[in-house]
Amino acid sequence: QVQLVESGGGLVQVGGSLRLSCAASGRTFSSYAMGWFRQAPGKEREFVAAINWSGKSTYYAGSVKGRFTISRDNTKNTMYLQMNSLKPEDTAVYYCAASRYAGTYSPSEYGYWGQGTQVTVSS
């Protein structure tokens with residue numbers, strides 16, 4: 001099993017940047033593919049980005065491609081999401097998640113979730 005804790009959320013102005021972190025417990029972090037999802041009020045949880053176990057393959061939603069960068073450091077059991085050029089529509093609770101399957105966009109294929117961190121982009 002793996003336990004996940006997100007951090008790094010906050011309030012930022014349009015065009016600003018934030019870096020989210022997802023710290024994982026357990027010795028098997030490197031065996032999991034990881035992903036970031038977000039959920040805005042009244043909306044369904046949506047895929048943001050994913051990364052395979054080694055970090056060499058990454059996947060992005062079209063709405064964030066070119067602005068967000070997902071990465072991981074298996075030596076630190078941590079995954080990151082660098083978010084640049086933030087827009088008001090990026091406002092949401094961001095969740096990290098772990099999956100046995102690489103490159104999957106479906107929340108149902110992620111078995112472990114963090115508690116979420118709020119990102120608010122003000123205009």
Side-chain angles (χ1 to χ4, degrees):
Q1 288 192 353
V2 61
Q3 293 182 326
L4 305 172
V5 178
E6 303 95 337
S7 61
L11 175 64
V12 64
Q13 292 187 334
V14 169
S17 299
L18 280 175
R19 187 194 196 202
L20 305 184
S21 297
C22 174
S25 64
R27 294 176 290 179
T28 59
F29 174 73
S30 61
S31 67
Y32 287 93
M34 300 294 295
W36 287 100
F37 291 78
R38 65 187 182 187
Q39 188 166 17
K43 295 187 176 181
E44 292 187 353
R45 190 167 299 189
E46 66 171 358
F47 170 79
V48 175
I51 189 166
N52 76 333
W53 67 272
S54 69
K56 292 184 178 180
S57 295
T58 57
Y59 314 84
Y60 296 94
S63 59
V64 307
K65 197 168 187 178
R67 300 189 297 123
F68 291 10
T69 303
I70 189 171
S71 62
R72 68 190 295 165
D73 185 341
N74 288 342
T75 66
K76 296 181 179 179
N77 280 10
T78 303
M79 176 180 65
Y80 306 97
L81 185 68
Q82 178 67 44
M83 304 186 296
N84 298 329
S85 302
L86 283 161
K87 305 175 180 180
E89 52 264 42
D90 295 318
T91 295
V93 177
Y94 284 70
Y95 299 89
C96 68
S99 175
R100 288 293 190 184
Y101 310 103
T104 180
Y105 307 96
S106 172
S108 65
E109 294 189 351
Y110 287 79
Y112 302 98
W113 293 83
Q115 82 291 347
T117 186
Q118 176 70 47
V119 171
T120 303
V121 184
S122 64
S123 56

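When reading the values below, keep in mind they use all heavy atoms of this one structure, side chains included, and skip hydrogens, waters and symmetry mates.
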Taking [X] for its side chain and [Y] for its backbone only, find out whether a donor-acceptor pair lies under 3.5 Å.
| X | Y | answer |
| --- | --- | --- |
| Ser99 | Ala33 | no |
| Gln13 | Ser122 | no |
| Asn52 | Ser57 | yes |

(request) Hydrophobic side-chain clustering at under 4.5 Å (ILVMFWY, transitive links): who's grouped with Tyr94? Put none if nobody. (result) Val2, Leu4, Val12, Val14, Leu18, Leu20, Phe29, Tyr32, Met34, Trp36, Val48, Ile51, Tyr60, Val64, Phe68, Ile70, Met79, Leu81, Met83, Leu86, Tyr112, Val119, Val121
Looking only at heavy atoms, what is the nearest atom pair of [X] and [Y], with distance?
| X | Y | answer |
| --- | --- | --- |
| Ser30 | Trp53 | O-CB, 3.1 Å |
| Gln118 | Thr120 | NE2-OG1, 3.3 Å |
| Tyr105 | Gly103 | CE1-O, 3.6 Å |
| Pro88 | Ser123 | CG-CB, 4.1 Å |
| Ser31 | Arg100 | OG-NH1, 3.4 Å |

(message) Taking the cut-offs as 6.0 angstrom to the six-membered ring centre and 45 degrees off its axis, would you call Arg45 and Trp113 a cation-pi pair?
(response) yes
(request) Find out whether the Lys NZ or Arg CZ of Arg38 is both under 6.0 angstrom from the six-membered ring centre of Tyr95 and within 45° of the ring's axis. (result)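 Checked: cation-pi criterion not met.
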(message) Do Val93 and Tyr110 land in one hydrophobic cluster if side-chain heavy atoms of ILVMFWY residues count as linked below 4.5 Å?
(response) yes
(message) Applying salt bridge (Lys or Arg N to Asp or Glu O under 4.0 Å) as the test, list every pair that has at least one member in residues 56-69; sequence neighbours left out.
(response) Arg67-Asp90
(message) I need the Ser54 OG to Arg72 CZ distance, nearest 0.5 Å.
(response)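 Between atom OG of Ser54 and atom CZ of Arg72 there are 8.0 Å.
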(message) As an exercise, state the distance from OH of Tyr80 to SG of Cys96, rounded to the nearest 0.5 Å.
(response) 12.0 Å
(message) Within the 3.5 Å criterion, strictly below it, is a donor on Thr91 or Glu89 matched to an acceptor on the partner's side chain?
(response)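 Judged by distance alone, the side chains do not pair up.
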(request) Go through the side-chain N and O atoms of Thr104 and Ser106 and say whether any donor and acceptor fall under 3.5 Å apart. (result)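 There is no such pair (donor and acceptor under 3.5 Å, judged by atom type) between the side chains of Thr104 and Ser106.
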(message) Gln82 vs Ser17, test: side chain to side chain contact (heavy atoms under 4.5 Å, CB included). Steps then yes/no.
(response) CA-CA 7 Å; Gln82 178 67 44; Ser17 299; 4.0 Å; yes
(message) If the condition is salt bridge (Lys or Arg N to Asp or Glu O under 4.0 Å), which residues does Glu109 pass it with, not counting sequence neighbours?
(response)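 Partners of Glu109 under the salt bridge (Lys or Arg N to Asp or Glu O under 4.0 Å) test: none.
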(message) Between Glu46 and Phe37, is there a side-chain heavy-atom distance shorter than 4.5 Å?
(response) no
